[in-house]
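One structure is given below, encoded as structure tokens.
Quick note: residue numbers are just sequence positions, from 1.
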Amino acid sequence: MIQKITFLFFTVFSLVLSAQTVNIEGDPYAGNPYATITDAIAASTNAADVILITGIHTEPITIDKSITIRGTDPLTDIIQAAASAVSNGAGSRAISISEGAFTINIENLGVRYGNDPENGGGVNIDKVTGFVTLNNVIIEENYTAKNGGGIGVAGSNANIVKCIIRNNSSALDGGGMIAAPNNGSGINSTVNLTQSLIFNNLGRNGGGIYINGNNNFGNDYLIDVNIENSTISTNSAFSASGGNGGGAIFSASFPWTSNTSVGNVTLKLVHATVYNNTHAALNKSGLQFGSGAATNLSAFNSIIVSFGDDVATKALNFANSNTTDVVNCILGGLNAPPLAIIDDVAKNNQKGRTANQSGLTGALTDEGGNTLVMAITDGSAADDYCTAATGETIPTIDQRGFNREGINDAGAFEFAGTLSTSNSISGGLDVRIFPNPANDLVKISGVLNIDLVRVYSILGTLEKVVYSQKEIDVSDLSSGLHMMEIQSEGQKTVKRIIIK
């Protein structure tokens, strides 16, 4: 195995701190001293350490300290628990993140083939009182005999950003993900799902997401789940018609021990697209809530509908929710809607709308960015829809990271949004492209290693993807302005380029 370690030094006044960047396998970082990811984690003594992953590693790992695990492309740089997917709960999960006040970052990686008898088949985050951030991670084809086929988050704080959670399953609840508080962590926990896609997952209840207020282990504490600029589509809950259901999301809130009149689960959707999720009972197919205590629910600038022209299937069942606000939302078939909120003209909601009426194209497509999106059509009901003030901080970008225009569209996708020129990751890259304007070749300077370059039209259409090159052939691009997104070691920046 090819191995290497590089030491980076940072000086603060008279104090010298060292953090190590460790490659595990393959070019361009040959010469690594660690045979496995586990060995590299064990050797880490600095929270600023970075382990660089290339290639496919069949190695279940445990992370028990603050660290960054980083690949370059989640389609090629993969941590897998086994050589292939099996759904019997007889193996192990891919990544276990154990108890502690850690700051952990997992970036640009695929996670697959977890096959675990416990919770969190692909990734399990248990009682982490710092923050775990998953950024540009694809979690797929994982299984658990319990809850959270793709990912489990218990009594922990987590940011799930630009991620894809797809084709996972659980024998019990939360095919894509389960989130719950846990008294053992001693904290109120927050799970933020941002610019992400939850697609084609299967669980008994909560096909996409199961939020469990955890009456036995967690209702001394609160859990907030915030879904922003994300799509939840084509997930299924397989319990019989008398089961809890929730093809998209099932939330089981319980009386908060400190104030038993308040449910301990809060769910907020901002610029979300929830589409075509299913359960045997039509009124439990989309968002569904348990009866232990009301889930505190709010939704802003979102589309929540069933498939095609279907309104018989309930996209949102408000029963057992404490709905605090709904503004600028296009909603499909509803059960027990809070009409004082939904029908308030000032809040600008539509109910009983179909997916076709809202303008959803009905297919996930690559419109740029890290994840596929459910686009809307020009001039449709969702286009330039969000005219009412929400009182919330509304993101200025969409699921792809493209700028939203003057009047925001409903849902996660902004029609005619333009590629943002701001850095997607804090710090960004100090890079230069030349010549600019260009005829045929452009060169990139100011960065050591290029992971990939994406070129977009000014309207956001992806035109070209190039890997590991500092010279880019642009002779096949049309004349005019284009946007070039440059990624290197977990950071990215966007530059304008003019083609003559």
Side-chain angles (χ1 to χ4, degrees), residues 60 81 85-99 111-128 132 134 139-158 160 163 165-185 189 191 193 198-219 221 223 225 227 232 235-240 243-254 264-265 267 277 279 284 287-290 292 295:
V86 180
S87 295
N88 59 15
S92 62
R93 72 176 60 92
I95 300 177
S96 300
I97 302 176
S98 59
E99 180 177 352
V111 178
R112 68 187 185 188
Y113 303 161
N115 176 27
D116 202 84
E118 297 298 325
N119 301 319
V123 180
N124 195 56
I125 305 169
D126 187 29
K127 297 187 287 294
V128 176
V132 176
L134 308 181
I139 301 172
E140 62 182 343
E141 296 187 69
N142 300 285
Y143 172 84
T144 176
K146 288 190 176 179
N147 307 295
I151 179 171
V153 183
S156 302
N157 296 313
I160 301 170
C163 291
I165 302 173
R166 66 187 179 194
N167 303 330
N168 303 284
S169 60
S170 60
L172 298 181
D173 302 322
M177 178 172 74
I178 187 168
N182 190 309
N183 289 346
S185 67
S189 54
V191 178
L193 183 78
I198 297 184
F199 173 72
N200 200 40
N201 300 285
L202 177 67
R204 179 181 66 176
N205 302 298
I209 301 173
Y210 191 99
I211 308 169
N212 185 1
N214 210 348
N215 191 40
N216 292 324
F217 301 104
N219 65 315
Y221 295 95
I223 180 169
V225 177
I227 299 173
I232 303 173
N235 303 283
S236 183
F238 63 77
S239 61
N244 287 327
I249 301 173
F250 182 85
S251 175
S253 185
F254 291 92
N264 68 331
V265 175
L267 172 63
N277 300 281
H279 179 255
K284 302 177 182 178
L287 274 65
Q288 175 77 4
F289 305 97
T295 292

Would you say [X]'s side chain and [Y]'s backbone share a donor-acceptor pair under 3.5 angstrom?
| X | Y | answer |
| --- | --- | --- |
| Ser236 | Gly247 | no |
| Ser156 | Val153 | no |
| Ser169 | Gly175 | no |
| Asn212 | Ile178 | no |
| Asn201 | Ile165 | yes |
| Asp116 | Arg93 | yes |
| Asn115 | Gly89 | yes |
| Ser170 | Asn147 | no |
| Lys284 | Gly243 | yes |
| Asn119 | Lys146 | no |

Could you measure the distance from the [atom1] atom of [X] to the [atom2] atom of [Y]? Nearest 0.5 Å is fine.
| X | Y | atom1 | atom2 | result |
| --- | --- | --- | --- | --- |
| Asn244 | Phe250 | CG | CZ | 3.5 Å |
| Ile160 | Leu193 | CD1 | CG | 5.5 Å |
| Asn200 | Asn235 | CG | CG | 7.0 Å |
| Asn215 | Ser253 | CG | OG | 10.0 Å |
| Asn183 | Asn219 | CG | CG | 6.5 Å |
| Ile223 | Phe254 | CD1 | CZ | 12.5 Å |

Tell me the closest heavy-atom pair linking [X] and [Y], and the distance in Å.
| X | Y | answer |
| --- | --- | --- |
| Arg166 | Glu140 | NE-OE1, 2.9 Å |
| Ala180 | Asn214 | CB-ND2, 4.0 Å |
| Ala237 | Arg204 | CB-O, 3.5 Å |
| Gly155 | Ser189 | C-CB, 4.2 Å |
| Val86 | Tyr143 | O-CB, 4.1 Å |
| Asn264 | Pro181 | ND2-CG, 3.8 Å |

For this session: Please identify each residue that fulfils side-chain hydrogen bond (donor to acceptor under 3.5 Å, both in side chains) with Glu141, with sequence neighbours left out.
Result: none

Exercise. Met177 and Ile139: side chain to side chain contact (heavy atoms under 4.5 Å, CB included), yes or no, with the steps?
Worked result: CA-CA 10 Å; Met177 178 172 74; Ile139 301 172; over 6 Å; no

Do [X] and [Y] come close enough that some side-chain heavy atom pair is under 4.5 Å?
| X | Y | value |
| --- | --- | --- |
| Thr295 | Ile211 | no |
| Tyr221 | Asn182 | no |
| Val111 | Leu134 | no |

For this session: State which residues pass ring-ring contact (aromatic ring centres under 6.0 Å, His included) with Phe289; sequence neighbours excluded, sorted by chain then number.
Result: none

Exercise. Among Ile151, Leu287, Ile249, Leu267, which one satisfies side chain to side chain contact (heavy atoms under 4.5 Å, CB included) with Ile209?
Worked result: Ile249

